[in-house]
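Input: a single structure, listed below in structure tokens.
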2 protein chains.
Amino acid sequence: MPEGNQATATTPAEFSEVFHSDCPARGVLDHITSRWGIWVLLALNEGDKRFFELRDSIEGVSEKMLSQTLRDLAGDGLVWREVEPTVPPKVTYGLNEVGRGVSVRLVDMFRWIGANAENLCAEQAERTGSGPATR
Amino acid sequence: MPEGNQATATTPAEFSEVFHSDCPARGVLDHITSRWGIWVLLALNEGDKRFFELRDSIEGVSEKMLSQTLRDLAGDGLVWREVEPTVPPKVTYGLNEVGRGVSVRLVDMFRWIGANAENLCAEQAERTGSGPATR
DNA sequence: CAGTATCCTGGGGGATACTG
DNA sequence: CAGTATCCCCCAGGATACTG
């Protein structure tokens, strides 16, 4: 959709520049924020893992989506993949430099949310005066 | 070859604990990583904004989804909403304490990705040349 | 073990129209 | 201006089966 894009003067548009459509980083973001990207990054932050180890440590992920997410992340250069052509095959995944940086920051954010969960609950409780809208 | 990075044998499962199904923080995460949550948080990190200001600064968002995202984030206690019952009405949104913390960390992560975009491009280029190029 | 290939469904989310 | 309401399409992603 062709958008007006008013450029509200105040907006530095810092991120529009950095993450513009043609920039590969834009796609990277999409992969990170995809349904399973975060959890893969989080799991790998604990250490290198094999495919089924990942599947087991990420609750609810299907093999298809895990495979797809891994492929995306590896294509982005956030994750490496090593294949040992043995029988049975052994495939290991781990974080690259950039992926580690992302993962660490993700962990930091998660910790912040976890540490403030009570505050969130409190705020949600206050709101229940008018309408729960618990969705 | 991936360097050692032993799987520290820890696997603290720290996050499974913190973000278990019944924990409200789990839903918060879903909202943050939703299609537009990140961009709203990012936009509000620049300062408080009114509805249409937000719509204009977030490229591609529909009014429906913006409204929905805002409602979710406000319900989570990440964002506040202030209504001035004038004619025409004036509604302003901004970040709460927790929301600001999340937003700041998000910005940090985005900067990291942006700063390493060339590395990502390089890795992607190497891959196309059929090189293993691990890290 | 570590994946692909195929089929299929739900709801995320866009377009449009209407309201206070 | 700041939203709701409605319709409807598309594809992310789950289930299942097969392969090297």
Side-chain angles (χ1 to χ4, degrees), chain A residues 1-6 8 21 27-40 43-44 48-76 79-94 130-135, chain B residues 2 7 21 27-40 43-44 48-76 79-94 132:
Chain A
M1 263 337 206
E3 74 301 327
N5 198 358
Q6 306 277 61
T8 357
S21 331
V28 174
L29 267 188
D30 286 342
H31 293 154
I32 293 173
T33 64
S34 74
R35 183 86 179 79
W36 302 107
I38 288 183
W39 306 106
V40 167
L44 288 180
D48 305 342
K49 292 191 179 173
R50 298 178 59 185
F51 188 78
F52 272 36
E53 280 185 293
L54 280 171
R55 190 204 55 181
D56 291 340
S57 52
I58 301 175
E59 184 184 331
V61 70
S62 68
E63 292 176 21
K64 172 189 166 183
M65 292 318 298
L66 178 57
S67 173
Q68 195 173 108
T69 304
L70 250 7
R71 235 185 301 125
D72 288 339
L73 261 19
D76 289 341
V79 162
W80 53 256
R81 169 199 160 102
E82 187 198 27
V83 183
E84 287 180 52
T86 56
V87 175
K90 188 173 171 179
V91 185
T92 312
Y93 298 89
S130 56
T134 47
R135 293 219 66 258
Chain B
S21 330
V28 174
L29 267 188
D30 287 343
H31 293 154
I32 294 174
T33 64
S34 75
R35 182 85 179 79
W36 301 107
I38 288 183
W39 306 106
V40 167
L44 288 179
D48 303 343
K49 292 191 178 174
R50 297 178 59 185
F51 188 79
F52 272 36
E53 281 185 291
L54 280 170
R55 191 203 55 180
D56 291 339
S57 51
I58 300 175
E59 183 183 329
V61 71
S62 68
E63 291 174 22
K64 171 189 166 184
M65 292 317 298
L66 178 57
S67 173
Q68 195 173 108
T69 304
L70 249 9
R71 236 185 300 125
D72 288 339
L73 260 19
D76 289 341
V79 163
W80 53 256
R81 168 199 161 102
E82 186 196 27
V83 184
E84 286 180 53
T86 57
V87 175
K90 188 174 171 179
V91 184
T92 312
Y93 296 89

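Letters A, B, ... are given to chains in the order of the sequence lines, protein chains preceding strands, and every chain is numbered from 1.
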Nearest-neighbour nucleotide for the A/Ser67 side chain, D/dG13, C/dT4, C/dG14 considered
C/dT4
Heavy atoms from C-beta onward define the side chain here; which of D/dC1, C/dG3, D/dG13 lies closest to that of A/Arg81?
C/dG3
Nucleotide C/dC1, atom P - distance to CD of A/Glu82 in whole Å:
18 Å
Check step by step if side-chain contact (heavy atoms from CB on, under 4.5 Å) holds for B/Tyr93 and B/Glu82.
CA-CA 6 Å; B/Tyr93 296 89; B/Glu82 186 196 27; over 6 Å; no
Determine whether A/Leu29 and B/Trp39 make a side-chain contact, defined as any pair of heavy atoms from C-beta on separated by less than 4.5 Å.
yes
In whole Å, I'd like the distance from the CD atom of B/Glu53 to the P atom of D/dA2.
8 Å
Start with the C-alpha gap between A/Trp80 and A/Thr92, add the side-chain angles, then the distance that decides, and say whether side-chain contact (heavy atoms from CB on, under 4.5 Å) holds.
CA-CA 8 Å; A/Trp80 53 256; A/Thr92 312; 4.2 Å; yes
Looking for any heavy atom pair under 4.0 Å, which part of the strands does A/Phe52 touch: base, sugar-phosphate only, or nothing?
base
For D/dT4, take OP1 and OP2 only and decide whether either is under 4.0 Å from a side-chain N or O of B/Arg71.
yes
Among C/dC1, D/dC1, C/dG13, the nucleotide that comes nearest once only the side chain of B/Arg35 is considered
C/dG13
Derivation and outcome, side-chain contact (heavy atoms from CB on, under 4.5 Å), residues B/Leu44 and B/Val40:
CA-CA 6 Å; B/Leu44 288 179; B/Val40 167; 4.0 Å; yes
Taking for B/Glu63 and for A/Glu63 the nucleotide of DNA chain C with the nearest heavy atom, the one nearer the 5' end belongs to A/Glu63
At under 4.0 Å between heavy atoms, what does B/Arg55 touch on the DNA or RNA strands: base, sugar-phosphate, or nothing?
nothing
Atom-pair distance (NE2 on A/His31; P on D/dG13), nearest Å
11 Å
Nucleotide D/dG13, atom P - distance to CG of A/Asp72 in whole Å
10 Å
Measure the distance from CE on B/Met65 to C1' on D/dA5 and round it to the nearest whole Å.
15 Å
Using atom NZ of A/Lys64 as one end and atom P of D/dT19 as the other, report the distance to the nearest whole Å.
19 Å
Nucleotide C/dC1, atom C1' - distance to OH of A/Tyr93 in whole Å:
11 Å
Under-4.0 Å side-chain N/O to phosphate OP1/OP2 contact, A/Arg50 with C/dA2
yes
Minimum heavy-atom separation for B/Arg55 and B/Val61, please, with both atom names.
O-CG1, 4.0 Å
Interatomic distance where NZ belongs to B/Lys90 and P belongs to D/dA2 [whole Å]:
9 Å
Counter-base of D/dT4, judged by Watson-Crick or G-U geometry with both distances under 3.5 Å:
C/dA17
